[in-house]
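One structure is given below, encoded as structure tokens.
On a predicted model such as this, the values are computed, not experimentally measured, just so you know. In this chain, residues are counted from 1 in sequence order. Note that ligands are numbered from 1 as they come in the structure, with each ligand's atoms numbered from 1 the same way.
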Amino acid sequence: MKEIYLDNNATTKVDDRVFEEMRPYFCELYGNPSSMHFFGGQVQKKVDEARGRVAALLGAMPDEIVFTACGTESDNAAIRSALEVFPEKRHVITSRVEHPAVLTQCRNLTKRGYRVTELNVDGDGQLDLKELAAAVDDDTAIVSLMYANNETGVVFPIEEAARIVKEKGALFHTDAVQAVGKIPLNMAQSGIDMLSLSGHKLHAPKGVGVLYVRRGTPFRPMLVGGHQERGRRAGTENTASIIAMGKACEVAQLHMDEESGRVRELRDRLQRELTALIPNTRINGGGTQRLPNTLSIAMEFVEGEGILLLLSEKGICASSGSACTSGSLEPSHVLRAMGVPFTCAHGSIRFSLSRFTTDAEIDAVIKELPPIISRLREMSPFGREFLAKK
Ligand code: PLP
């Protein structure tokens, strides 16, 4: 069965152009970029080129780009650095809907005596900037807010948030893992101090990430040892993946406008048709700014896991809004923070599209999902009650 892959916020296919670019750096050009000889030097040149390509996509300078192993590492490194830079400051601000790469770290900090403020979101998953402004004080070391949410695609007003935070003298970090390559970013005109991205969300391989660190931002490395990455991240570079990351950023930059327009049209068509064909649905984050590729749709009186299994039988890959913790199917922390009613949160499905998504794949979901929902509603007691009232 050929897969219909609509789970691109989880991970993406490596683009053929990206794969071809990295291929020689395993068995032929395997030198260490730190070596003095020509064989390492030619790899160093390609790593520099990759750094330039990442910088170009972000509107940044090449020396502001630090290669890491993943988005999680970049998030951890940014927050830890701020706490080391300002040992006297004991307050951190984040939001309730962050990815665990930020949220778990912040919650762990409370056990070490830090004060952590988790900002609320409204019913659309949007931030209240007044709440942010009121929360920052002289004790705040860093504010870490995501650019775009992985579950709903909701885009936060990050530039305004950065301005508020900078005026009050704290550092500002954003987890832009889901935003980079999907919407334009320009660090040259921004107040962001640090920004995280991850290769496998933009058609590069798993195991490579980037932390952007603005020139002049005080920084303490998480990994110490060699002098790689100008002393900001020790460890021999993952050269093939770094070169792939550079290519992925170049491809994203060249085609972003055209691709995001096409993807948005596909996503909007999927949303329109599903809401017309399936009664009692709501779009999580539908009333605010969203990434062009993400659709989180809540369907009342059904369970996400059941929907995913039946979709999977048809070859359709999506994901649900529940996290299976200790045997109970709890709705995700994101949907709970948004106050999505329990009966909806349980039946929330995320479709996330990419440059490789086709019209025919969207047609297939529009054909397969409505009968799956009717079938599941007939099987569940709540669903039967709901159908009887109709
Ligand atoms: N931040 C966000 C918003 C994400 O969606 C993810 C991955 O799903 C991460 C961070 C973690 O990135 P990585 O898988 O590269 O560690």
### Task
State, yes or no, whether a side-chain contact exists between Met194 and Val66 at a heavy-atom distance under 4.5 Å.
no
### Task
Output yes when the distance from some N or O of ligand 1 to some N or O of Gly71 is under 3.5 Å, and no in every other case.
yes
### Message
Using a 3.5 Å cut-off on N or O atoms only, is Asp175 in polar contact with ligand 1?
### Response
yes
If the cut-off is 4.0 Å to any non-hydrogen atom of [X], which atoms of ligand 1 fall inside it?
X: Asp75; value: 10 (C)
X: Gln178; value: 3 (C), 4 (C), 5 (O)
X: His200; value: 13 (P), 14 (O), 15 (O)
X: Ser198; value: 13 (P), 15 (O)

### Residue and atom name of the nearest protein heavy atom (relative to atom 4 (C) of ligand 1), distance in Å to one decimal
His99 CD2, 3.2 Å
### Which residue and heavy atom of the protein sit nearest atom 16 (O) of ligand 1, plus the separation
Thr72 OG1, 2.6 Å
### Query
Hey, are Asp124 and Arg290 close enough for a salt bridge, meaning a charged N less than 4.0 Å from a carboxylate O?
no
### Task
Look only at the side chain of Arg96 and the backbone of Asn120, and say whether a donor-acceptor pair between them is shorter than 3.5 Å.
no
### Message
Checking the side chain of Gln105 only, and the main-chain atoms of Asn76 only, is there a donor and an acceptor separated by less than 3.5 Å?
### Response
yes
### Query
Heavy atom of Lys201 under 4.0 Å from ligand 1?
yes
#### Entry: From Glu259, Arg262, Met256, Arg264, residue fulfilling side chain to side chain contact (heavy atoms under 4.5 Å, CB included) relative to Pro292
Arg264
### Message
On the six-membered ring of Phe356, is Lys13 placed so that its NZ or CZ lies under 6.0 angstrom from the centre and within 45° of the ring axis?
### Response
yes
